[in-house]
Amino acid sequence: ARQWLGAGLKFLHGSFGDSQVLQQIGQFKPDFILLDLGVSSHQLDADGRGFSFRRSTALDMRMDRRSVLTAAELLNSSAEGELADLFRRYANERRSVGLAREIVRRRRTKPLRTSDDLVGAIRAVLGSRSGPADFARLFQAVRIAVNRELEELSSALPVLRGALEVEGTLTVISYHSGEDRIVKQMFSNWAKSCICPPRQPVCTCRGRSLGTRSPRKPITAAPDEVVRNRRSRSAKLRVFRKAHDVEG
């Protein structure tokens with residue numbers, strides 16, 4: 001690692017959407033970018049980070065400790081409608097309205113501070129049969145909201161594509177359906193030669209493809225890899241190659 005650092009390896013600490021990070025990447029003009037949107041297993045398993053639903057874990061969930069908003073602050077300050085939207089969009093929760101209402105009801109008496117508080121609210125709405133799969137899905141939704149993960153990804157992808165050298169490759173590994181939907185839609189849009197409305201008689205858009213998806217469908221983990229690492233089962237890798245005649 002020291003040799004690489006001496007040869008010019010540079011670490012940048014920031015989110016995908018950080019303007020200073022994106023500016024420096026643009027100056028570097030890479031020919032290959034890999035975004036791994038997963039969370040480190042070490043982070044997930046560390047009680048002090050607050051990602052886990054283990055008993056009595058503080059509701060933190062910040063990827064960057066320099067950030068102000070924690071999971072506890074989000075759950076205790078967001079309006080009921082905002083919470084319902086969060087659980088519906090990021091966790092596909094059918095009872096999102098009921099869960100949001102239960103959280104608001106509970107925090108009137110006692111603010112939510114630990115994993116036990118959120119698990120209790122979930123069980124009150126989803127019932128006694130709710131278990132780790134439900135907790136993981138709903139805790140993940142809160143984490144995504146705390147860190148604005150989907151917004152950061154949406155704003156970063158076009159900038160990163162523009163930063164690539166011609167015929168450069170942008171590769172993204174996603175682990176959440178919301179992330180994959182954003183990547184899939186953007187890559188599909190960029191690969192089209194025309195993005196005008198279907199019935200528009202004259203093309204007024206860019207009129208050319210910005211590159212190609214190769215392969216068109218996502219690459220997923222092989223069965224033997226999933227056996228070795230269960231967290232790889234939701235991973236989807238998509239690839240976009242910038243066209244040779246496109247700048248920016």
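Transitive grouping of hydrophobic side chains (ILVMFWY, heavy atoms separated by less than 4.5 Å) keeps L34 and I25 in distinct clusters. Follow the hydrophobic side-chain contacts under 4.5 Å out from V172 and you never reach V239; the two are in separate clusters. F28 and L22 fall into different hydrophobic clusters, defined by Ile, Leu, Val, Met, Phe, Trp and Tyr side-chain heavy atoms under 4.5 Å apart, directly or through other members. Cluster membership for V104 and L126, using ILVMFWY side-chain heavy atoms within less than 4.5 angstrom, is shared. Linking Ile, Leu, Val, Met, Phe, Trp and Tyr whenever their side-chain heavy atoms come within less than 4.5 Å puts L69 and L86 in one cluster.
Without hydrogens or angle criteria, N147 side chain to M63 main chain gives a donor-acceptor distance under 3.5 Å. With hydrogens and angles disregarded, no donor-acceptor distance shorter than 3.5 Å links the side chain of R161 to the backbone of T169. With hydrogens and angles ignored, the 3.5 Å screen pairs no side-chain donor or acceptor of R88 with any backbone N or O of E93. Q185 places no side-chain N or O within donor-acceptor distance of the main-chain N or O of I182, the cut-off being under 3.5 Å. Checking side-chain atoms of R241 against main-chain N and O of E167 turns up a donor-acceptor pair under 3.5 Å. Put simply, the side chain of R62 gets close to the backbone of R65: a donor and an acceptor are under 3.5 Å apart.
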*Mind running side-chain contact (heavy atoms from CB on, under 4.5 Å) on V226 and T220 for me, showing each step along the way?*
CA-CA 10 Å; V226 174; T220 57; over 6 Å; no

_Is there a side-chain contact (heavy atoms from CB on, under 4.5 Å) between L170 and L157? Walk through the geometry before answering._
CA-CA 9 Å; L170 174 58; L157 284 174; 4.1 Å; yes

*Hey, mind stepping through L99 and L138 against side-chain contact (heavy atoms from CB on, under 4.5 Å) and telling me if it holds?*
CA-CA 10 Å; L99 179 55; L138 292 162; 4.0 Å; yes

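The side chain to side chain donor-acceptor pair (under 3.5 Å) contacts involving residues 191-201 comprise Q200-T204, where partners must be two or more places apart or lie in separate chains. Note on residues 67-82: pairs passing salt bridge (charged side-chain N to carboxylate O under 4.0 Å, His left out), not counting sequence neighbours, are E80-R101. Sorted by first then second residue, the side chain to side chain donor-acceptor pair (under 3.5 Å) pairs that include residues 119-135, not counting sequence neighbours, are D134-R137. For residues 197-243, the set of pairs meeting the ring-ring contact (aromatic ring centres under 6.0 Å, His included) definition, not counting sequence neighbours, comprises F187-F240, W190-F240.
Other members of the cluster containing V97 do not exist, because no ILVMFWY side chain is joined to it at under 4.5 Å.
Checked against side chain to side chain donor-acceptor pair (under 3.5 Å), S56 has the following partners two or more places apart in sequence or in another chain: D116. S78 is linked by a side chain to side chain donor-acceptor pair (under 3.5 Å) to nothing, counting only residues two or more places apart in sequence or in another chain. Judged as a side chain to side chain donor-acceptor pair (under 3.5 Å), and not counting sequence neighbours, R148 has no contacts. Remark: K236 pairs with D180 by the salt bridge (Lys or Arg N to Asp or Glu O under 4.0 Å) rule, at least two apart or across chains. Checked against salt bridge (Lys or Arg N to Asp or Glu O under 4.0 Å), R113 has no partners two or more places apart in sequence or in another chain. A search for salt bridge (Lys or Arg N to Asp or Glu O under 4.0 Å) contacts involving R107 returns nothing, not counting sequence neighbours. Applying the side chain to side chain donor-acceptor pair (under 3.5 Å) criterion to D36, with sequence neighbours excluded, gives Y175.
A salt bridge does not link E225 to R228: none of the charged side-chain nitrogens sits closer than 4.0 Å to a carboxylate oxygen. In this structure, D64 pairs ionically with R66, as a charged nitrogen and a carboxylate oxygen lie closer than 4.0 Å. Using a cut-off of 4.0 Å between Lys/Arg side-chain N and Asp/Glu carboxylate O, E165 and K242 are scored as not salt-bridged.
Atom CG in L118 sits 11.5 Å away from atom OG1 in T57 (nearest 0.5 Å). Expressed to the nearest 0.5 Å, how far CD1 of I173 lies from CZ of R238 amounts to 13.0 Å. Atom OG1 in T70 sits 8.5 Å away from atom CG in L75 (nearest 0.5 Å). In this structure, CZ in R208 is found 10.5 Å from CD1 in I195, a value given to the nearest 0.5 Å. Taking CG of L160 as the start and CD1 of I33 as the end, the distance is 4.5 Å to the nearest 0.5 Å. In this structure, CG in L210 is found 12.0 Å from CE in M186, a value given to the nearest 0.5 Å.
Within the 4.5 Å cutoff, the side chain of V142 has heavy atoms near those of the F87 side chain. Using a 4.5 Å heavy-atom threshold, the side chains of D18 and L12 count as separate. The side-chain heavy atoms of V183 and L153, taken from C-beta on, include a pair separated by under 4.5 Å. Two residues are said to be in side-chain contact when any heavy atoms from C-beta on lie closer than 4.5 Å; L150 and Y90 meet this criterion.
The neighbour count for R216 CZ, taken as heavy atoms of other residues, nucleotides or ligands under 6.0 Å away, does not exceed 12.
Closest approach of L164 to D31, counting heavy atoms only: CD2-C, 4.0 Å. Nearest heavy atoms, A100 versus L83: CB-CB, 3.7 Å. Of all heavy-atom pairs spanning A191 and S209, the tightest one is O-OG, 3.1 Å. S96 and A84 get closest at one heavy-atom pair: CB-O, 3.3 Å. Annotation for I103 and A121: closest pair CG1-CB, 4.0 Å, computed over non-hydrogen atoms. Nearest heavy atoms, L37 versus S174: CD1-CB, 4.0 Å.
With respect to E149, the side-chain hydrogen bond (donor to acceptor under 3.5 Å, both in side chains) criterion is satisfied by exactly one of H176, R143, Q140: R143.
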